[in-house]
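As a basis for the values below, the full set of heavy atoms in this structure was taken, side chains included, without hydrogen atoms, waters or symmetry mates. Everything numeric in this text was worked out from a predicted model, so none of it was measured. Numbering of residues begins at 1 and proceeds along the displayed sequence.
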Amino acid sequence: MKRTAIIIILVLLNSMGFAQRVIENPEFEVSNSGITHISKIELNKDATRIHIHNKFIPKWWVTFEKDIFIQLDNNVKLNVLDIEGAKFDEKITMPESGEKTIVLVFPPINDNVKKIDYNNEVFGIALVEGTKKADKSPEIPDHVSKWIDDELKKATAKPLANFSSDQFFNESTGRLIGYIKGYDIRLGFKTGIMYTRNDITNEDYPVVIEIHPDGRFEADIPLISPSYSYMVIKRQQVKFYLEPKQTLVMILDWDEFLYADRMRNSQHNFKNITFEGSLAKINEDLIGFNPKAFDYKSFSKKMKTISPQAFKEEEAIDHKKNLENLETYLNKKSISDKAKILIKNKIDLEHANHLFDFVSNRDYYAKEDLANSILKIPVENEYFDFLQKMDLNDQSFLALDDFKIFVNRLEFSKPILVYPKPNVTNTFTPEKTFEQYLEVEKIEITDNDKVLLESAKTKKFESMAAYEEFQKQFSETYKNASKAYSKKYVDPFISVPKPEKVTMEKWQLRDSIVKNVFHLEKNLVYEVIKIRSLDYDIKRSDSENAHAYWNELQKDITHPFLKKEGERIVSKQYPINSFQNNPLTDNLNRKVNINATAQQNKLPEGKATEIFKNIIKKHKGKILFIDFWATTCGPCVAGIKRMKEKRKEYKDNKDFEFVFITDESLSPLEPYNKFVGEQELENIYRLASDDYNYLRQLFKFNGIPHYVVIDKKGEVINDDFPMHNFNSLLNGILEKYN
């Protein structure tokens, strides 16, 4: 009897071991999501129920996919079994409160499991009741503090005294270092990126921000002047001001990144930042000002509903309010003169950009809505008189990220975008017509070929793709005859087209617009526009014409640094000794931009090159046309579709291959797989964002699509290839590099 009682007690104790345990608001080590909050975990012998309390923006939505999982501390992975309060893969719209709880059901977890990770979002979730969350020390670790002190001691140059200094333009690096409190390597990112650029020459210089496992980050940033811009870490923009030869320290807090992640309906301005170094004060002053957020949704509606003059009047009111906000800020806080100038100029640039965007964007809407009388109201020249109120000789404009938008809008604004009338030249006439060639050679084409030939005389093609589709309808006999005819009677006479002669006529017209329409004297910004156009203007010319053109253009450039940059652009495209170079015998050399890349064919040593060489090593011995693209990039997708037939034509070619590289964050897996299948893409690489960032830095591109051509030895032929000219450039590349 006694033995039986003991057995019953043991059975009861054992069954109690499987009794349901409930952990309210379990502690966790680190989270990757500002939306996902685990409010409760229920553990029993049949299942594990995890309550996900979503905190998001009202009326926005979240989804839960069927591949959600939890990872146990013994490395066992458990996939989700069921969902309560919602359906898998369906949108869950947030109520007005912005909060909603759903329950995910997983298999049961053994009692000896102490921690779990949820779906690569929340890590180190405690399953032991009473676990206390480790306190985040407000202190920076000693080794990090020492590293910061040592780095600051290396910066001995003094900051710029003022923006009118002749030292404003300075081609040196600035150093950015710092620490992210709460960073954990499990968060899944090891880099940030800064999309730096030279706004004078329109060149890109993306820079990787390297983040160490202990939360330190660092980058050497190439600058030509002071820069008030931003870096991107985990899709969030963090603003800062930096000068050449200066070191700036930023201490960030991961909790603020999580808040920014949740508040996705607006651009979060990071405020919880501690700055150190000689530029700490100006950075504190700049982030302390709270500008009024611009309502882009309302802006889009106004384009279709009010006249340009009415918008300009409304915008003037908002501009005045922002200036008044600045005055209030200045009354409350004593800030540096440089910060004051930057904030004021940023307000003015944003105001100008809104005015430019209004009139440029409404042209697009006017084509869509032909009946809208508002969109037919013309833009009078007086609309642009806001330019007269800006000091366009102020160098500090170039320190602001908004300047790149402003100068782009100005150089492509309707009044200034005028061109000289093209010279009409006689077209080349072959010795024999194609019909005469067929007769002499006794080549018989089909009746269908004859019908197509006759229709081609009057047919207009909307695109090159349409023309190529039309050509496919001809017989093989016709196609072979056409190639032979061109080779004998056409190609020998047009394979060496004369280079374009670049003249000053365009600038003479635009000088007149600046003076008589904008009522402006020549100024620094207008000189920048001329330098920005230089690379494009000389691209289709030759060395002699390009240098002659530059000799004329620089007579209008008064700023010594702009002159220096102009000289660099011309010499990069056409080195002084290019007369003695042995270029291709046709115009392809200029189009392929051989000279522009010959200065640095070999890739620099470092992590970025290692990543790239690891990708291309399996393609060694072939010329590679590399496409940096993404499924979320419309022009990228269109370009790949346009080249589909061309890829088929050259499939298994012994000389070259097409290679496609994308960022996993820009090309979600499901649409990526679908598109790759539809387009029959081969040689595809979907990289982690960290690795892709390094390739952006290596090939200096901010936007995509971006194309690079690599020779058979793995060296660069062209780091900014014009893929739309692939057909005309291919033979020249193969001739020189095969």
Side-chain angles (χ1 to χ4, degrees), residues 31-36 52 54 56-57 59-71 77 79-80 83 86-94 102 104 117-123 186-193 195 206 208 232-237 257-258 260-265 267-268 611 615 626-644 647 658-696 701-707:
S31 175
N32 212 356
S33 171
I35 301 168
T36 302
I52 309 291
N54 301 283
F56 205 19
I57 301 160
K59 304 302 181 185
W60 283 42
W61 52 268
V62 297
T63 59
F64 289 84
E65 298 172 354
K66 292 178 182 177
D67 59 356
I68 289 173
F69 64 92
I70 55 176
Q71 185 94 24
K77 183 178 177 181
N79 293 317
V80 68
I83 187 171
K87 292 181 179 179
F88 286 120
D89 300 320
E90 288 190 6
K91 293 179 181 178
I92 304 168
T93 303
M94 294 293 106
I102 64 98
L104 296 175
D117 298 335
Y118 168 74
N119 207 43
N120 286 336
E121 290 182 43
V122 188
F123 301 90
R186 290 174 292 180
L187 293 172
F189 65 95
K190 296 178 285 187
T191 66
I193 195 163
Y195 298 110
V208 170
V232 178
I233 293 180
K234 197 63 175 176
R235 298 185 299 277
Q236 301 298 335
Q237 295 182 6
F257 283 89
L258 295 181
D261 179 54
R262 179 160 67 92
M263 306 304 291
R264 298 183 189 183
N265 60 336
Q267 182 65 53
H268 176 69
I611 293 168
I615 292 172
I626 295 173
D627 184 343
F628 291 95
W629 72 289
T631 59
T632 51
C633 162
C636 302
V637 168
I640 290 173
K641 288 180 177 178
R642 186 175 62 249
M643 290 287 289
K644 185 174 183 179
R647 292 194 300 273
F658 299 99
V659 175
F660 301 88
I661 303 176
T662 190
D663 177 346
E664 64 183 13
S665 69
L666 299 175
S667 295
L669 189 57
E670 189 174 337
Y672 171 80
N673 286 336
K674 182 181 178 184
F675 183 76
V676 163
E678 289 172 350
Q679 294 302 309
E680 302 175 27
L681 296 185
E682 298 178 345
N683 308 320
I684 54 176
Y685 299 90
R686 183 171 174 266
L687 305 185
S689 296
D690 292 323
D691 288 350
Y692 195 80
N693 281 346
Y694 278 106
L695 297 189
R696 279 189 184 272
F701 67 93
N702 288 339
I704 51 176
H706 185 81
Y707 307 99

Give a yes or no answer on whether the side chain of Asp117 reaches the backbone of Gln71 with a donor-acceptor pair at less than 3.5 Å. no
Side-chain heavy-atom pair Pro668, Thr631 within 4.5 angstrom cut-off: yes
What distance separates Met263 CE from Trp60 CH2, expressed to the nearest 0.5 Å? 9.5 Å
Let's go through Ile57 and Met94 carefully: what are the C-alpha distance in whole Å and the side-chain angles of both, what is the deciding distance for side chain to side chain contact (heavy atoms under 4.5 Å, CB included) to 0.1 Å, and is it a yes or a no? CA-CA 7 Å; Ile57 301 160; Met94 294 293 106; over 6 Å; no
Could you walk me through whether Ile68 and Tyr118 pass side chain to side chain contact (heavy atoms under 4.5 Å, CB included), step by step? CA-CA 8 Å; Ile68 289 173; Tyr118 168 74; 3.7 Å; yes
Please determine whether the number of non-hydrogen atoms from other residues, nucleotides or ligands lying under 6.0 Å from atom NZ of Lys644 exceeds 12. yes
Hey, does Arg696 have a side-chain heavy atom less than 4.5 Å from the side chain of Ile193? yes
Shortest non-hydrogen contact between Pro705 and Asp627, atoms and distance: CB-OD1, 4.3 Å
So which atom in Ala630 and which in Val637 form the shortest heavy-atom distance, rounded to 0.1 Å? O-CG2, 3.9 Å
Look only at the side chain of Asn683 and the backbone of Phe658, and say whether a donor-acceptor pair between them is shorter than 3.5 Å. yes
Answer whether the closest heavy-atom distance between the side chains of Asn79 and Asp67 falls below 4.5 Å. no
If the condition is side chain to side chain donor-acceptor pair (under 3.5 Å), which residues does Ser667 pass it with, not counting sequence neighbours? Thr662
Is the side chain of Asp690 donor-acceptor paired with the backbone N or O of Thr191 at a distance under 3.5 Å, no angle test? yes
Arg186 side-chain N/O to Phe123 backbone N/O, donor-acceptor pair under 3.5 Å: no
CZ/Arg686 to CG/Asn673 distance, rounded to the nearest 0.5 angstrom? 7.5 Å
With side chains defined as the heavy atoms from C-beta onward, is the minimum distance between Glu65 and Phe88 less than 4.5 Å? no
What pair of heavy atoms forms the shortest contact from Asn702 to Pro206, and how long is it? OD1-CG, 3.1 Å
Counting distance only, does the side-chain N/O of Asn32 pair as donor-acceptor with the main-chain N or O of Glu121 below 3.5 Å? no
Phe257 six-ring face occupied by Lys234 cation (under 6.0 Å, within 45°): no
Close aromatic pair by centroid cut-off 6.0 Å: Trp629 and Phe675: yes
Which atom pair, heavy atoms only, marks the closest approach of Asp261 to Arg235? OD1-NH2, 4.3 Å
If you measure from CD on Gln679 to CZ on Phe660, what distance do you get to the nearest 0.5 Å? 9.0 Å
Could you tell me which non-hydrogen atom of Ser33 sits nearest to which non-hydrogen atom of Ile35, and how far apart they are? OG-N, 3.0 Å
Asn693 and Gly192 have their tightest heavy-atom pair at ND2-O, 4.0 Å
So Ile611 and Leu695, do their side chains get closer than 4.5 Å, heavy atoms only? yes
Quick one, Tyr685 and Val659 - any side-chain contact, counting heavy atoms below 4.5 Å? yes
Could you walk me through whether Tyr707 and Phe628 pass ring pair (Phe, Tyr, Trp, His ring centres under 6.0 Å), step by step? CA-CA 6 Å; Tyr707 307 99; Phe628 291 95; 9.0 Å; no
Look at the side chain of Asp663 and the backbone N and O of Ser665, then say whether any donor-acceptor pair between them is shorter than 3.5 Å. yes
When rounded to the nearest 0.5 angstrom, what is the spacing between CD1 in Ile70 and CG in Leu104? 9.5 Å
Is the terminal nitrogen or CZ of Arg262 (NZ for Lys, CZ for Arg) located under 6.0 angstrom from the six-membered ring centre of Phe56 and within 45° of that ring's axis? no
Can you check whether Ile640's main-chain N or O pairs, donor with acceptor, with Arg647's side chain at less than 3.5 Å? yes
So Tyr672 and Glu664, do their side chains get closer than 4.5 Å, heavy atoms only? no
Lys674 vs Glu670, side chain to side chain contact (heavy atoms under 4.5 Å, CB included): CA-CA, chis, key distance, verdict: CA-CA 6 Å; Lys674 182 181 178 184; Glu670 189 174 337; 6.0 Å; no
Kindly indicate whether the side chain of Phe64, heavy atoms from C-beta on, has any atom under 4.5 Å from the side chain of Asp89. no
CZ of Phe701 to NE2 of His706: how many Å apart, nearest 0.5 Å? 6.0 Å
